[in-house]
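Take a look at the structure below.
Hydrogens, waters and symmetry mates play no part in the numbers below; they use all other heavy atoms, side chains included.
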Amino acid sequence: MPFAESLGVRISAASPQEVRTELDWAPQHCTAGGVLHGGAVMTLADATGAICAYLNLPDGAGTATTESKTNFFRALREGTLHAVSRPLHVGRTAITVQTELLDTTGRRIGHTTQTQAVLTA
């Protein structure tokens, strides 16, 4: 994913059961107040969830996000944002993924639930 890569998203583990990624806090990814921008947080969640969905696709299928909802619980002002995605439902036409967003100490920054369409030829 070129956009996620350009932002600095890194994959630390990936399997159909769980995907882990991270994104370092950086001033260019922040709001005026030095808080990691919600768009950067959501990019990490979307990319991580999409990888998880992709790893659960049948052979030859593709995927696209059809729905995504993020709850923000606290701000990230330093360190690294960690994302952990796990499938909630793997179906024939859709895959729903849950992503936890955590700071370096393991405190929950946010939570994303997204649905990915299963695209077959």
Side-chain angles (χ1 to χ4, degrees):
M1 287 183 254
F3 178 69
E5 186 177 342
S6 72
L7 197 64
V9 172
R10 298 181 307 279
I11 300 169
S12 55
S15 74
Q17 296 78 32
E18 183 178 277
V19 175
R20 292 179 174 266
T21 63
E22 51 196 35
L23 173 66
D24 293 330
W25 179 96
Q28 68 270 23
H29 299 147
C30 291
T31 65
V35 172
L36 189 64
H37 192 285
V41 173
M42 293 173 73
T43 295
L44 181 66
D46 182 69
T48 309
I51 294 165
C52 187
Y54 177 82
L55 293 173
N56 282 281
L57 289 172
D59 289 339
T63 186
T65 305
T66 59
E67 182 271 338
S68 184
K69 180 191 184 306
T70 300
N71 293 97
F72 296 97
F73 304 127
R74 63 175 30 102
L76 186 77
R77 291 185 171 86
E78 63 183 358
T80 301
L81 180 62
H82 300 269
V84 181
S85 291
R86 295 180 183 98
L88 293 176
H89 171 76
V90 178
R92 189 175 47 80
T93 60
I95 298 172
T96 301
V97 177
Q98 173 181 286
T99 303
E100 296 299 322
L101 299 156
L102 309 164
D103 69 11
T104 303
T105 68
R107 290 185 309 167
R108 188 174 292 153
I109 298 297
H111 172 97
T112 299
T113 303
Q114 72 187 86
T115 301
Q116 298 273 336
V118 176
L119 306 173
T120 57

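- Counting only heavy atoms from C-beta outward, the side chains of V35 and L76 never approach each other to under 4.5 Å.
- Closest approach of S85 and V97 over heavy atoms only: CB-CG1, 3.7 Å.
- Of all heavy-atom pairs spanning T48 and A83, the tightest one is OG1-CB, 3.6 Å.
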Passes side-chain contact (heavy atoms from CB on, under 4.5 Å), D103 versus L81? Steps please. CA-CA 5 Å; D103 69 11; L81 180 62; 5.9 Å; no

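- Partner L36 forms a side chain to side chain contact (heavy atoms under 4.5 Å, CB included) with one of R77, E78, H29 and no other, that one being H29.
- One finds the CG atom of L102 at 10.5 Å from the CZ atom of R74 (value rounded to the nearest 0.5 Å).
- R10 has its side chain out of reach of L44: every pair of non-hydrogen atoms, C-beta onward, lies at least 4.5 Å apart.
- The cluster map of Ile, Leu, Val, Met, Phe, Trp and Tyr, joined by side-chain heavy atoms under 4.5 Å apart, puts Y54 and M1 in the same cluster.
- Partners of R86 according to the salt bridge (Lys or Arg N to Asp or Glu O under 4.0 Å) rule, which considers only residues two or more places apart in sequence or in another chain, are E18.
- Counting only heavy atoms from C-beta outward, the side chains of T113 and T96 approach each other to under 4.5 Å.
- For the pair V41/L101, a side-chain contact is recorded, criterion being any heavy-atom separation below 4.5 Å from C-beta on.
- Within the model, atoms CD1 of I109 and OG1 of T70 stand 13.0 Å from one another, a figure rounded to the nearest 0.5 Å.
- Taking 4.5 Å as the limit, every side-chain heavy atom of S15 sits out of range of all side-chain heavy atoms of L55.
- The stretch residues 36-47 participates, sequence neighbours left out, in these side chain to side chain donor-acceptor pair (under 3.5 Å) pairs: D46-T65, D46-Q114.
- With contacts defined as side-chain heavy-atom distances shorter than 4.5 Å, the pair H82/R20 does not qualify.
- Once rounded to the nearest 0.5 Å, the distance linking CG of N56 with CD1 of I51 reads 12.5 Å.
- Using a 4.5 Å heavy-atom cutoff, the side chains of V118 and T63 are not in contact.
- Two residues are said to be in side-chain contact when any heavy atoms from C-beta on lie closer than 4.5 Å; L57 and I95 meet this criterion.
- If you take CE on M42 and CZ on F72, they are separated by 5.5 Å, rounding to the nearest 0.5 Å.
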